[in-house]
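Atoms within each ligand, like the ligands themselves, are counted from 1 in listed order.
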Amino acid sequence: MKRLVFLTGAGMSAESGISTFRDSGGLWEQYPVEAVASIGGYERDPELVINFYNERRRQLLDVRPCRGHELVAAMEKDFDVTVITQNVDDLHERAGSTKVIHLHGELMKATSTRDPNKPSQIVTLTPEHLDIQMGEKATDGSQLRPYIVWFGEPVPMLETAAEVVSRADIFVIIGTSLNVYPAAGLTAFAPPEAPIYLIDPKDVPWNAGHGFHHIKKGASAGMEELIKELSTK
Ligand code: APR
């Protein structure tokens with residue numbers, strides 16, 4: 001089976017009702033990213049950050065995968081699919097995608113403040129245990145924190161993701177402004193002979209060598225068009 005690799009961003013979940021970061025009205029217009037999504041912000045005011053993610057996590061219970069997530073998952077019938085996502089929601093998994101690499105962490109997981117990437121410290125939150133409380137401890141005794149990769153922290157899955165992109169037969173980018181590195185740098189790892197599709201209603205500053213096919217639509221309509229295009233190949 002051909003290897004189909006997706007790189008998705010906040011636009012993938014926009015049609016599920018989750019706001020993006022940099023569109024008008026986006027999350028970073030409402031909150032100072034430095035205060036709520038950086039390691040410095042967490043160290044300065046852990047309670048503000050923990051509550052910011054508690055709020056985003058609660059929102060997750062009210063949304064569901066959009067048609068775009070479902071179509072990405074359905075591609076596994078005909079391709080060996082890997083989804084590399086910058087999103088921290090679990091909508092790809094809930095739509096049925098089985099191979100998802102989260103570059104920026106996962107909203108439904110929590111971990112140790114002292115050793116956030118130690119596998120034994122990572123726990124899955126549930127609807128019954130959704131909020132992280134100040135004073136709640138990880139098993140190593142440090143404050144339990146969101147399992148999110150904040151600005152200023154390393155991206156542990158980057159190398160794995162780059163290796164996956166470098167072996168792609170087809171590379172599809174959906175709903176990311178390609179503003180944030182190192183995630184945005186993954187586009188440079190696509191093999192020269194792999195066709196690249198960009199699904200986004202807006203133009204995106206392209207940052208990699210060889211060209212791409214821009215499907216200038218939202219995630220769901222864009223995936224419908226992509227499936228048509230690939231079926232004629
Ligand atoms: N369908 C597809 N794409 C869409 C849709 C839609 N319905 N609506 C908006 N978009 C596109 C926008 O045009 C934009 O290019 O989604 C992209 C959203 O860009 P950002 O808001 O910058 O989100 P993203 O690229 O995922 O941000 C990357 O920044 O703050 C950090 O960690 C955070 O993972 C995030 C990273």
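- Taking the six-membered ring wherever Trp is involved, the centroid distance between the rings of Phe212 and Tyr197 does not fall below 6.0 Å.
- Regarding atom 1 (N) of ligand 1, its nearest protein heavy-atom neighbour is Ala219 N, 2.9 Å.
- Of all protein heavy atoms, the one lying nearest to atom 27 (O) of ligand 1 is Arg22 NH1, 2.9 Å.
- Environment of NZ in Lys2: sparse, with no more than 12 heavy atoms of neighbouring residues, nucleotides or ligands closer than 6.0 Å.
- At a heavy-atom distance under 4.0 Å, only side-chain atoms of Glu15, from C-beta outward, approach ligand 1.
- Gln86 and Thr176 share a side-chain donor-acceptor pair at under 3.5 Å.
- Polar contact with ligand 1: absent for Gly9 (N/O pair, distance under 3.5 Å).
- The aromatic rings of Trp150 and Tyr53 sit tilted relative to each other, their planes meeting at an angle between 30° and 60°.
- No side-chain N or O of Gln121 forms a donor-acceptor pair with one of Thr111 less than 3.5 Å apart.
- For Ile174, the closest heavy-atom approach to ligand 1 does not fall below 4.0 Å.
- By the 4.0 Å N-to-carboxylate-O rule, Lys217 lies too far from Asp200 to be salt-bridged with it.
- Summary of contacts: the protein heavy atom closest to atom 8 (N) of ligand 1 is Ala14 CB, 3.8 Å.
- The part of His104 lying near ligand 1 is the side chain, judged by heavy-atom distances below 4.0 Å.
- In terms of polar-atom proximity, Ser177 is counted as a contact of ligand 1, with an N or O under 3.5 Å from an N or O of the ligand.
- When heavy-atom distances to ligand 1 are checked against a 4.0 Å cut-off, Thr176 comes that close through both its backbone and its side chain.
- Annotation: atom 30 (O) of ligand 1 to nearest protein heavy atom, Trp28 NE1, 2.7 Å.
- Taking every heavy atom of Thr20 and a limit of under 4.0 angstrom, the matching atoms of ligand 1 come to 21 (O).
- Residues Glu47 and Tyr42 bring no donor and acceptor atom of their side chains to less than 3.5 Å of each other.
- In this model, a donor atom of one side chain and an acceptor atom of the other lie less than 3.5 Å apart for Thr8 and His92.
- Regarding atom 26 (O) of ligand 1, its nearest protein heavy-atom neighbour is Ala10 N, 2.8 Å.
- A donor-acceptor contact under 3.5 angstrom links the side chains of His102 and Glu93, judged on distance only.
- Checking Ser24 against Glu29 by side-chain atom types alone, no donor-acceptor pair falls below 3.5 Å.
- Ligand 1 has at least one atom lying under 4.0 Å from a heavy atom of Pro201.
- Nearest to atom 35 (C) of ligand 1 among the protein's heavy atoms is Phe21 CE1, 3.5 Å.
- The nearest protein atom to atom 11 (C) of ligand 1, hydrogens excluded, is given as Asp200 OD2, 3.3 Å; this is a heavy-atom distance.
- At the top of the distance list for atom 10 (N) of ligand 1, counting protein heavy atoms only, stands Gly11 CA, 3.7 Å.
- Selection from Thr85, Val33, Val180, Asp23 by nearest heavy atom to atom 12 (C) of ligand 1 gives Asp23.
- Side chains of Asp115 and Ser112: no donor on one and acceptor on the other come within 3.5 Å.
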